[in-house]
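Since the structure comes first, as structure tokens, the remarks are kept for the end.
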Amino acid sequence: MQTPHAHPTSTFIILEGPDGSGKTSTASALCDLLRHKGRQVLRVREPGSTSLGQELRQIALDAKRSSGNPHTIALLMQAARVESYLMVDTWLSTHPRGTVISERSWPSTVAYQGSAIGHDAALELTRFGLGLHLYAHLSRARHQLALLFGPRRPFFEDAIDSTVDHDAVEAYYRSLIPEAHAVSDRNHPDVFPLTPTQRAAALAQQLELI
Ligand SMILES: Nc1ncnc2c1ncn2[C@@H]1O[C@H](COP(=O)(O)OP(=O)(O)OP(=O)(O)O)[C@@H](O)[C@H]1O
Ligand SMILES: Cc1cn([C@H]2C[C@H](O)[C@@H](COP(=O)(O)O)O2)c(=O)[nH]c1=O
């Protein structure tokens, strides 16, 4: 969301969407485009980004596959998020006009764990562990949320995690549409009408980055 600061110097873009909706492909194309235009870009993903974040990812995804406790999974995701935000914070301190592209962030915890632990509880949990300093630094960034949708079934049926309530996940993302600053393929939810490069260009324009 847009912060009240008059001169936001950095941009923090969260790419969200259901599994297989094209986040990685779009992040890659967006990163290439913005770097080509001379912007300094940092790419992160949740869970992941740091070595501890990668370990947490492994544990969290294993727990998901074995239908582990959703509270535990949400806490593991949040721990990985704090790791990622700390890395972002360090990078922004030396790249004050930089652009951060994060594949997934807090909306994923609400979308994926929210139906089991409650959406409000999940949202509350996504603030845990972010100290004042981190808030202060990140709040200077211009936050943008980009939602992606793409084909889920039947194309990726084999790759789809059967422990996830995909309809609930997608419904939560759709509920965010009015708050999202950019929605790719909004009018074509079940197909990929644009290539990743075209999506990236459309997003960059909507986010006023080019
Ligand atoms: N715009 C597009 N048009 C056609 N195919 C696409 C497009 N974007 C992504 N794909 C293909 O769809 C598949 C999933 O894409 P990608 O890995 O980028 O999605 P993702 O949202 O990051 O997935 P996950 O949630 O599993 O990490 C890949 O095979 C990719 O090549
Ligand atoms: C951040 C986050 C992620 N998840 C889920 C969503 C996906 O199924 C996997 C991550 O895989 P991807 O290849 O990086 O998309 O984890 C979740 O359940 N909760 C979260 O907070």
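Counting convention: from 1, in listed order, for ligands and their atoms alike. All figures in this text were calculated on a predicted structure; none of them were measured in a lab.
For ligand 1, the polar-atom distance check against S21 finds a nitrogen or oxygen pair separated by under 3.5 Å. Considering backbone and side-chain atoms alike, T24 places an N or O below 3.5 Å from some N or O of ligand 1. At under 3.5 Å, not a single nitrogen or oxygen of T195, backbone or side chain, sits near a nitrogen or oxygen of ligand 1. The distance criterion of under 3.5 Å between nitrogen or oxygen atoms is met by S25 with respect to ligand 1.
Of all the atoms in ligand 1, the ones that sit under 4.0 Å from a non-hydrogen atom of R104 are 25 (O). Within the listing of ligand 1, atoms 18 (O), 19 (O), 20 (P), 21 (O), 22 (O), 25 (O) sit less than 4.0 angstrom from a heavy atom of K23. When each atom of ligand 1 is checked for a heavy atom of L194 under 4.0 Å away, the hits are 1 (N), 2 (C), 3 (N).
Looking at T195, its side chain does come within 3.5 Å of a backbone N or O of Q198 through a donor-acceptor pair. Looking only at distances, no side-chain donor or acceptor of R97 sits under 3.5 Å from a matching main-chain atom of Q40. Using modelled atom types, one side-chain atom of S66 and one backbone atom of D62 make a donor-acceptor pair closer than 3.5 Å. For S84 (side chain) and A80 (main-chain N/O), no donor-acceptor pair under 3.5 Å exists by modelled atom type.
A heavy-atom distance below 4.5 Å is found between the side chains of I14 and W106. Side-chain contact between R142 and L209 is present, with heavy atoms from C-beta onward closer than 4.5 Å. With contacts defined as side-chain heavy-atom distances shorter than 4.5 Å, the pair I13/L207 qualifies. With contacts defined as side-chain heavy-atom distances shorter than 4.5 Å, the pair E170/D19 does not qualify.
Protein residues with a heavy atom closer than 4.0 Å to ligand 2 are D19, E46, P47, R57, L61, K64, M77, R81, R104, S108, T109, Y112, Q113, listed by chain and number.
Contact annotation: G17 has no heavy atom less than 4.0 Å from any atom of ligand 1.
Pairs engaging residues 111-121 under the salt bridge (charged side-chain N to carboxylate O under 4.0 Å, His left out) rule: none recorded [sequence neighbours left out].
For Q54, the CD atom is densely surrounded, since the number of other residues' heavy atoms within 6.0 Å is greater than 12.
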